[in-house]
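Working notes, beginning with the structure itself.
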Amino acid sequence: MIERLIPAGVAGAEVFDDVLPHLPDPRELDLVRGRPDRVVRQFTAARACAHRCLDALEAPPGPLLRTADGAPAWPTGFVGSITHCTGYRGAVAAHAEVWAALGVDAEPALPLQYGVLGLVASEREQRMVARLSRKRPGLPWDRLLFSAKEAVYKAWYPAARQWIGTGAVEVAFTTDGLLMAEIRPDRTPPPLARRRPDAAGAARPGGVTARYTGRWRIEGGLLLTAVAVPAGSPVGVRARARVAVVGEDAAAVTAGTPARAPGTVR
């Protein structure tokens with residue numbers, strides 16, 4: 001599933017259970033010491049996927065620990081992203097000299113709970129979800145939007161080191177598997193405003209800081225979204241660049257790209 005979303009130069013790995021090919025590194029297990037067994041199993045399976053990616057890229061051996069803010073501490077010279085949900089664990093990684101940032105997110109292919117869409121989507125995004133739901137009613141477009149924002153955040157944060165809320169990421173989809181995202185950090189509301197029902201759409205003066213493009217796929221009761229940022233494309237808070245499509249049809253999209261609250265980076 002994941003191999004259909006990633007471009008050349010990106011390694012991907014996934015599993016649909018928690019059976020490990022070998023014992024996990026004890027230094028990684030220390031990161032989840034005292035957590036429920038279910039959490040430990042999914043953590044170690046997802047880490048095993050990340051190691052498969054790094055091995056394919058001939059990265060130096062060693063544990064994949066965490067940064068001070070909880071993100072995976074990828075080896076120097078490498079970037080990556082990890083995701084897991086019920087029935088799925090996956091990871092992507094690449095040489096930083098080829099790809100500047102990666103983001104991947106998996107979710108069950110089920111609609112969001114009632115009321116959640118209004119908390120994470122702008123009015124424009126809600127209209128898009130309604131339109132796509134009429135066009136292809138069998139797909140959970142609201143959950144796909146949620147997932148795309150997670151994937152974008154996972155690519156954005158390691159490069160920018162700036163928290164952004166869901167209102168800062170505006171996503172659009174095509175029905176054939178492409179996604180486009182515009183990032184406007186000025187739309188991140190202050191702490192008190194984050195509690196308002198309309199916080200996701202709140203905006204202050206400012207413009208687009210970065211544009212990401214990627215791919216989405218729904219298969220076997222799961223949905224997966226991924227974005228990748230080419231090396232040389234600015235991805236931080238001062239960036240103003242369009243990035244390449246993850247996968248095929250790059251020319252078609254980069255020639256005319258339209259314009260769960262992002263959570264813990266695993």
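For clarity, every value in this text was computed on a predicted model and none was experimentally measured.
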Gap between atom [atom2] of [Y] and atom [atom1] of [X] - 0.5 Å precision:
| X | Y | atom1 | atom2 | value |
| --- | --- | --- | --- | --- |
| F78 | L64 | CZ | CG | 12.0 Å |
| L145 | Q126 | CG | CD | 9.0 Å |
| L117 | L112 | CG | CG | 6.5 Å |
| K149 | L144 | NZ | CG | 12.0 Å |
| R66 | D30 | CZ | CG | 11.0 Å |

Shortest non-hydrogen contact from [X] toward [Y]:
| X | Y | value |
| --- | --- | --- |
| G103 | K154 | CA-CB, 4.0 Å |
| A56 | A11 | CB-CB, 4.3 Å |
| Y88 | E14 | OH-OE1, 2.5 Å |
| M1 | R217 | CE-O, 3.6 Å |
| R211 | E182 | NE-OE2, 3.3 Å |
| L20 | A45 | CD2-CA, 3.4 Å |

List, by chain and number, the other hydrophobic cluster members for V40, where Ile, Leu, Val, Met, Phe, Trp and Tyr join if side-chain heavy atoms come within less than 4.5 Å, directly or indirectly. L29, L31, V32, F43, L65
Out of curiosity, does [Y] fall in the hydrophobic cluster containing [X] (side-chain heavy atoms, cut-off under 4.5 Å, transitive links)?
| X | Y | value |
| --- | --- | --- |
| V152 | V129 | yes |
| F16 | L5 | yes |
| V92 | L222 | yes |
| I2 | W99 | yes |
| L132 | V169 | yes |

Going by salt bridge (charged side-chain N to carboxylate O under 4.0 Å, His left out), name the pairs with one or both residues in residues 73-89, residues two or more places apart or in two chains. D18-R89
Test item: [X] side-chain N/O and [Y] main-chain N/O as donor-acceptor pair under 3.5 Å:
| X | Y | answer |
| --- | --- | --- |
| W216 | T174 | yes |
| W74 | A94 | no |
| E125 | V171 | yes |

Pairing residues for E58 by the salt bridge (charged side-chain N to carboxylate O under 4.0 Å, His left out) criterion, not counting sequence neighbours: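 Once residues adjacent in sequence are excluded, E58 has no partner under the salt bridge (charged side-chain N to carboxylate O under 4.0 Å, His left out) criterion.
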Partner residues of R27 under the side chain to side chain donor-acceptor pair (under 3.5 Å) criterion, sequence neighbours left out: D25
Set of residues satisfying side chain to side chain donor-acceptor pair (under 3.5 Å) with respect to R143, sequence neighbours excluded: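 By the side chain to side chain donor-acceptor pair (under 3.5 Å) rule, R143 matches no residue at all.
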Report yes or no: do E150 and T225 form a side-chain donor-acceptor pair below 3.5 Å? no
Pairs in or reaching into residues 132-141: which pass side-chain hydrogen bond (donor to acceptor under 3.5 Å, both in side chains), with residues at least two apart or in two chains? none
